[in-house]
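Hydrogens, waters and symmetry mates play no part in the numbers below; they use all other heavy atoms, side chains included.
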Amino acid sequence: MSGKMLSKGDRRREQIMNLLKRQGKITIQDIIDKFACSEATARRDLDLLEKQGGLIRSLGGAQLDTPSPSAGREVPFNEKKELLWLEKEAIAAKAASLVEEGDVIGLSGGTTTFLIARELKLRRGITVVTNAVNIAMELSESDGIQVVLTGGVMRRNSFELCGPLAEKIVDSVNIGMMFLGVDGVTEEQGLTTFSEQEADIARLMLKRSRRTVAVFDHTKVGRTSLFSIAPLTAVQGCITNQPADGKLKRYLEEQGIALHLAEPAAPVL
């Protein structure tokens with residue numbers, strides 16, 4: 001389609017994919033309501049998009065084709081950043097609103113924490129401790145932020161520095177508030193991630209922090225990744241983009257864990 005004028009159907013399918021990237025899933029009824037088309041057209045569009053790749057058809061709709069931890073494949077940062085970008089920006093803005101001048105904050109690696117760094121770029125009087133090379137680079141030209149980057153061996157998928165050297169540096173710093181990115185959140189298994197090395201360094205950063213806030217979009221809720229970081233009771237707050245399901249919400253309330261909602265603005269079609 002590049003270089004050619006898009007047809008009405010091409011534009012509609014492009015908008016359907018944009019919605020999928022924001023929401024993670026879409027129903028036939030969503031397409032009918034949003035695009036004023038017939039059920040047959042909605043189904044045909046999803047069938048065409050499935051053939052092109054990027055979505056998986058389901059009963060009554062489709063979901064974004066994103067590899068899960070159970071599939072044995074870790075999703076690289078450059079793929080993750082294309083997913084639910086608006087939701088993650090809203091979560092990042094909410095997280096940044098909790099930061100004040102003089103704070104020492106920690107940022108683990110990940111797309112949401114990267115966007116928190118972007119939100120903080122123009123702030124002053126803040127120290128950021130991170131083990132993520134891309135986060136440090138994002139903040140490198142900010143005059144008002146002091147960046148402490150751990151050493152260690154870099155994982156290419158996430159740009160995170162891990163291993164004994166990183167752990168040695170983290171063990172010598174004191175963090176006020178830690179923003180922790182995760183791959184899975186459940187009441188039973190707590191906070192989980194795909195990488196054992198990243199779980200180790202995240203656990204240590206959490207230990208060196210007075211307060212920790214987990215940041216995650218709604219697709220991480222109810223998902224358990226391979227390696228445990230910590231139980232949910234190890235954090236004092238969570239920031240996400242949709243209300244938690246009843247079971248998780250009750251658990252957070254019972255444990256006194258604050259839940260902050262960050263809903264993105266509605267997309268303009």
Side-chain angles (χ1 to χ4, degrees), residues 18-27 30 33-34 61 63-64 66 68 75 80-100 103 105-121 123 126 128 135 176-193 202 206 209-225 229-269:
N18 287 337
L19 275 174
L20 264 173
K21 288 177 180 179
R22 294 187 185 101
Q23 301 172 178
K25 59 183 178 180
I26 196 168
T27 66
D30 287 337
D33 292 342
K34 292 180 184 296
Q63 65 184 46
L64 205 61
T66 57
S68 66
V75 184
K80 283 184 178 180
K81 74 178 184 179
E82 301 297 331
L83 307 176
L84 301 170
W85 191 257
L86 296 179
E87 286 79 359
K88 291 174 181 178
E89 283 185 331
I91 294 168
K94 175 66 75 173
S97 73
L98 303 178
V99 178
E100 299 178 352
D103 282 351
I105 71 164
L107 294 176
S108 67
T111 50
T112 303
T113 46
F114 174 82
L115 290 171
I116 295 173
R118 182 168 288 180
E119 284 283 335
L120 295 173
K121 281 179 71 171
R123 303 278 285 274
I126 296 169
V128 174
I135 288 176
M177 183 184 299
M178 171 75 183
F179 292 107
L180 177 66
V182 299
D183 293 321
V185 182
T186 66
E187 311 88 75
E188 296 86 2
Q189 304 302 324
L191 307 166
T192 56
T193 189
L206 189 154
S209 304
R210 288 199 305 272
R211 182 169 185 241
T212 299
V213 177
V215 292
F216 50 87
D217 66 72
H218 67 277
T219 65
K220 310 296 172 35
V221 177
R223 175 184 293 180
T224 300
S225 293
I229 299 172
L232 264 172
T233 51
V235 304
Q236 288 70 49
C238 297
I239 305 176
T240 188
N241 63 296
Q242 286 186 9
D245 61 46
K247 189 178 177 183
L248 179 60
K249 183 179 180 182
R250 284 193 301 274
Y251 182 83
L252 295 175
E253 290 174 349
E254 289 169 0
Q255 300 300 326
I257 301 169
L259 178 62
H260 305 272
L261 291 183
E263 298 183 7
V268 178
L269 297 177

| Quick check: does any side chain N or O of T212 sit under 3.5 Å from a backbone N or O of V235, one acting as donor and the other as acceptor? | no
| Taking T112 for the side chain and G181 for the main chain, is one N or O donor matched with an acceptor at less than 3.5 Å? | no
| Considering residues at least two apart in sequence or located in another chain, which fulfil the salt bridge (Lys or Arg N to Asp or Glu O under 4.0 Å) criterion with E119? | none
| task | Look up atom CD1 in I91 and atom CG in L115, then write down how far apart they are to the nearest 0.5 Å. | result | 9.5 Å
| task | Any chance you could measure Q189, atom CD, to R223, atom CZ, to the nearest 0.5 Å? | result | 15.0 Å
| Should I229 and T192 be marked as a side-chain contact (heavy atoms from CB on, under 4.5 Å) after you check the CA-CA gap, both sets of side-chain angles, and the distance that decides it? | CA-CA 5 Å; I229 299 172; T192 56; 5.8 Å; no
| note | In terms of heavy-atom contacts, A262 and A90 come closest through CB-O, 3.3 Å
| query | Considering all heavy atoms of both residues, which atom of L232 and which atom of C238 are nearest to each other, and what is their separation? | reply | CD2-SG, 4.2 Å
| request: Please confirm whether the backbone N or O of D183 pairs with a side-chain atom of T193, one donor and one acceptor, at under 3.5 Å? | output: no
| Ignoring hydrogens and geometry, is there a side-chain-to-backbone donor-acceptor pair from D217 to K88 under 3.5 Å? | no
| note | Heavy atoms of A230 and L206 approach each other most closely as CB-CD1, 4.0 Å
| message | Among residues at least two apart in sequence or on other chains, which ones pass side chain to side chain contact (heavy atoms under 4.5 Å, CB included) with D103? | response | V99, E100, I105
| said: Please give me the minimum heavy-atom distance between I135 and G109, naming the atom from each residue. | reply: CD1-CA, 4.4 Å
| Reported OG1-to-CD distance for the pair T224 and E188, which is rounded to 0.5 angstrom | 7.5 Å
